[in-house]
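Chain letters run A, B, ... following the sequence lines, proteins first and then strands; every chain starts at 1.
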2 protein chains.
Amino acid sequence: MTHTYQYPHPAVTTDVVLFTIREDSLQLLLIRRRNAPFEGRWALPGGFLDIDEDLERCAARELAEETGVTGIELEQLRTFGAVDRDPRERVISVVYFALARVENLHLRAGDDAADAGWFALRALPELAFDHDQIIRAAHERLVTELSRSKIVFQFLPETFTLEELRRVYEILVDAEIDKRNFRRYFLTQGMLEPTGQLCRRGGQRQARLYRARERDPVAHLG
Amino acid sequence: MTHTYQYPHPAVTTDVVLFTIREDSLQLLLIRRRNAPFEGRWALPGGFLDIDEDLERCAARELAEETGVTGIELEQLRTFGAVDRDPRERVISVVYFALARVENLHLRAGDDAADAGWFALRALPELAFDHDQIIRAAHERLVTELSRSKIVFQFLPETFTLEELRRVYEILVDAEIDKRNFRRYFLTQGMLEPTGQLCRRGGQRQARLYRARERDPVAHLG
DNA sequence: TCAAAAGTGTTTGCTATACACCCATGA
DNA sequence: TCATGGGTGTATAGCAAACACTTTTGA
């Protein structure tokens, strides 16, 4: 069955840039393409929009189909539509970005993906389409959102220690952060809630566990 | 001539939210639709993407065709794609936003627009499609970008007085701003360059004129 | 001479940064 | 007992906010 229009229509796809922290580095999820074009190359998980499907739902579906990853909060990044970005036809791609705690994810390659895996942002393979540009834009967004919202907690498990939180920050901003200033900041900001629990995560002395408070208390005032 | 695809394709459009400051209020540019659907309703300037046309170029072209406005810097805002946002067919709209000094613009209604005009954000008419949602998103973006970049200057003429700049800020944040703190901030930030000229803009005493420096001097260090 | 807008400094509190040692515990 | 990571306080400088009067000039 075919579909006919009076004017030419571009195809619309969605792609997802999913970041996580793994092995002490910022990594993202790629799939190896099973089909042409760019067969065998690594690419962002994504695919064609169904005609009666919401954009964000499409992104979530393609992510699940190709990598097995589900239950991730997606945020729209930007739409990429350069005329020659896909050799087959004109393709407009609406790109989403997301963060994940890696231990929650059950990775497996899906239908259109020969393989799926995590890659350090600093050591990406050669990519299909304009996905290197897309990833650069997503990384910029990640850095600017860091200071403006509470997204760091999406990298961490439900409960975590202050030192774990600090380590995540250090990886994200790629710099050392003073331990005492960091602790004071988070302990006085009120976005953390002590669980009362202690834990030992490899170190000797036990550390206090915290969880992220639902919302920034200041936000309630607006 | 018709165009046929193996799978259904959505249509892709671009729309533009163009803000300006006029009559002491924040206003934006709307056109009155000449054709169905929503014939006679006010809407954002925009239209269908040509198959070999860059997204941003499409936005600029439609803006020019429908309103006569040219030479505006466009920034991508977000893509809207709810399944039922257009009654004709599935339409994905890539929305751009932009700021303008109103005195530079030569407004005139174009082919697909029965009329074009400025409307205060606080007193919008009933709008076509989901354009009220789009405008709300654009306004949010405007407010957050205000503090993070130098976009205010896009509302002002080449040279301006500190009091004019302050008045623009007051309209944008919808609050009073302390005159002395405001002046000190801008005079010490180094983003203004005194022209050495004076002018009288209706008041009695003459005021010094400034222009925006090309770049934030701090940005050069990065 | 007065009305109307331009211009000018100081104080105070908060926030960001720099910086070094003690504590608890398992091996 | 020592190695490892968790936990703690103070001093300083820069920034944000509050606040009221003088100057210029045309009408």
Side-chain angles (χ1 to χ4, degrees), chain A residues 21 24 143-144 146-150 152 156-157 159-211 216-219 221-222, chain B residues 21 24 143-144 146-148 150 152 156-157 159-211 216-219 221:
Chain A
I21 289 186
D24 263 12
V143 171
T144 61
L146 243 198
S147 50
R148 144 165 36 284
S149 69
K150 307 291 158 316
V152 226
L156 287 156
T159 65
F160 48 85
T161 71
L162 274 171
E163 288 303 298
E164 285 169 341
L165 178 59
R166 185 169 70 96
R167 185 69 196 120
V168 168
Y169 258 96
E170 287 190 332
I171 291 168
L172 291 174
V173 304
D174 196 26
E176 288 204 350
I177 297 175
D178 183 86
K179 196 201 273 197
R180 285 164 295 185
N181 293 338
F182 185 86
R183 300 185 136 249
R184 184 182 35 257
Y185 179 79
F186 274 95
L187 290 174
T188 59
Q189 275 319 88
M191 31 179 153
L192 296 184
E193 190 171 31
T195 64
Q197 311 280 349
L198 294 177
C199 85
R200 195 171 309 110
R201 290 254 211 274
Q204 315 310 106
R205 179 168 174 180
Q206 293 179 305
R208 287 186 258 252
L209 282 170
Y210 296 85
R211 77 165 56 85
D216 180 357
V218 182
L221 302 175
Chain B
I21 289 185
D24 262 11
V143 171
T144 60
L146 244 197
S147 49
R148 141 163 43 282
K150 307 293 159 314
V152 225
L156 287 155
T159 65
F160 48 85
T161 70
L162 273 171
E163 288 303 297
E164 286 168 342
L165 178 59
R166 186 168 69 96
R167 184 71 196 120
V168 168
Y169 258 95
E170 287 190 331
I171 290 168
L172 291 174
V173 303
D174 194 28
E176 289 204 349
I177 297 174
D178 183 87
K179 197 201 269 198
R180 285 164 294 184
N181 292 338
F182 184 85
R183 299 185 138 250
R184 184 183 34 257
Y185 179 78
F186 275 95
L187 290 174
T188 58
Q189 275 318 88
M191 30 179 156
L192 296 185
E193 192 171 31
T195 64
Q197 311 280 348
L198 295 179
C199 86
R200 195 172 311 110
R201 290 256 210 270
Q204 316 309 107
R205 179 167 174 180
Q206 293 179 305
R208 286 187 259 250
L209 282 169
Y210 297 85
R211 76 165 56 86
D216 180 358
V218 182
L221 302 175

Query raised in the report: First contact, last contact: which nucleotides of DNA chain D are these for chain A, 5' to 3', heavy-atom distance under 4.0 Å?
Result: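 That gives a stretch of dT4(D) to dT10(D).
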**Report entry** Set of residues satisfying side chain to side chain donor-acceptor pair (under 3.5 Å) with respect to E170(A), sequence neighbours excluded
**Finding:**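 Applying side chain to side chain donor-acceptor pair (under 3.5 Å) to E170(A) gives R166(A), R167(A).
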Report task. List in chain and number order the residues that pass ring-ring contact (aromatic ring centres under 6.0 Å, His included) with Y210(B), two or more places apart in sequence or in another chain; answer none if no residue qualifies. Result -> none
Report summary line: Sorted by chain and number, sequence neighbours left out, ring-ring contact (aromatic ring centres under 6.0 Å, His included) with Y185(A) holds for none
Query - Smallest separation among heavy atoms of V152(A) and V168(A), with atom names - result: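 Heavy-atom minimum between the residues: CG1-CG1, 3.8 Å.
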Query - For the student: nearest non-hydrogen atoms of L162(A) and F182(A), plus distance - result: O-CE2, 3.8 Å
For [X] and [N], give me the distance from atom [atom1] to atom [atom2], rounded to whole Å.
X: F186(B); N: dA6(C); atom1: CZ; atom2: C1'; answer: 17 Å
X: F182(B); N: dG7(C); atom1: CZ; atom2: C1'; answer: 14 Å
X: R167(B); N: dA6(C); atom1: CZ; atom2: P; answer: 12 Å

Query raised in the report: Start at the 5' end of DNA chain D and walk down; is the nucleotide closest to L187(A) or to K179(B) reached first?
Result: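 That would be L187(A).
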Query raised in the report: At under 4.0 Å between heavy atoms, what does R183(A) touch on the DNA or RNA strands: base, sugar-phosphate, or nothing?
Result: base
Identify, with sequence neighbours excluded, every residue that meets side chain to side chain contact (heavy atoms under 4.5 Å, CB included) alongside [X].
X: V173(B); answer: L146(B), A175(B), I177(B)
X: R184(A); answer: N181(A), T188(A)
X: R211(A); answer: E158(A), T159(A), E193(A), T195(A)

Requested in this report: Working to the nearest 0.5 Å, report the span between CG of L192(A) and NZ of K150(A).
Outcome: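 L192(A) atom CG to K150(A) atom NZ measures 10.5 Å (nearest 0.5 Å).
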Query raised in the report: Where along nucleotides 11-19 of chain C does protein come under 4.0 Å, by heavy atom, of base (B) or sugar-phosphate alone (S), with - for untouched nucleotides?
Result: ------BBB
Look for any protein N or O under 3.5 Å of an N or O in nucleotides 25-27 of chain C and output each such pair with its distance, or none.
unit_1: dG26(C); atom_1: O4'; unit_2: Q204(A); atom_2: NE2; d: 3.4

Requested in this report: Start with the C-alpha distance between R208(A) and L198(A), add both sets of side-chain angles, then the distance that settles side-chain contact (heavy atoms from CB on, under 4.5 Å), and finish with yes or no.
Outcome: CA-CA 5 Å; R208(A) 287 186 258 252; L198(A) 294 177; 3.8 Å; yes
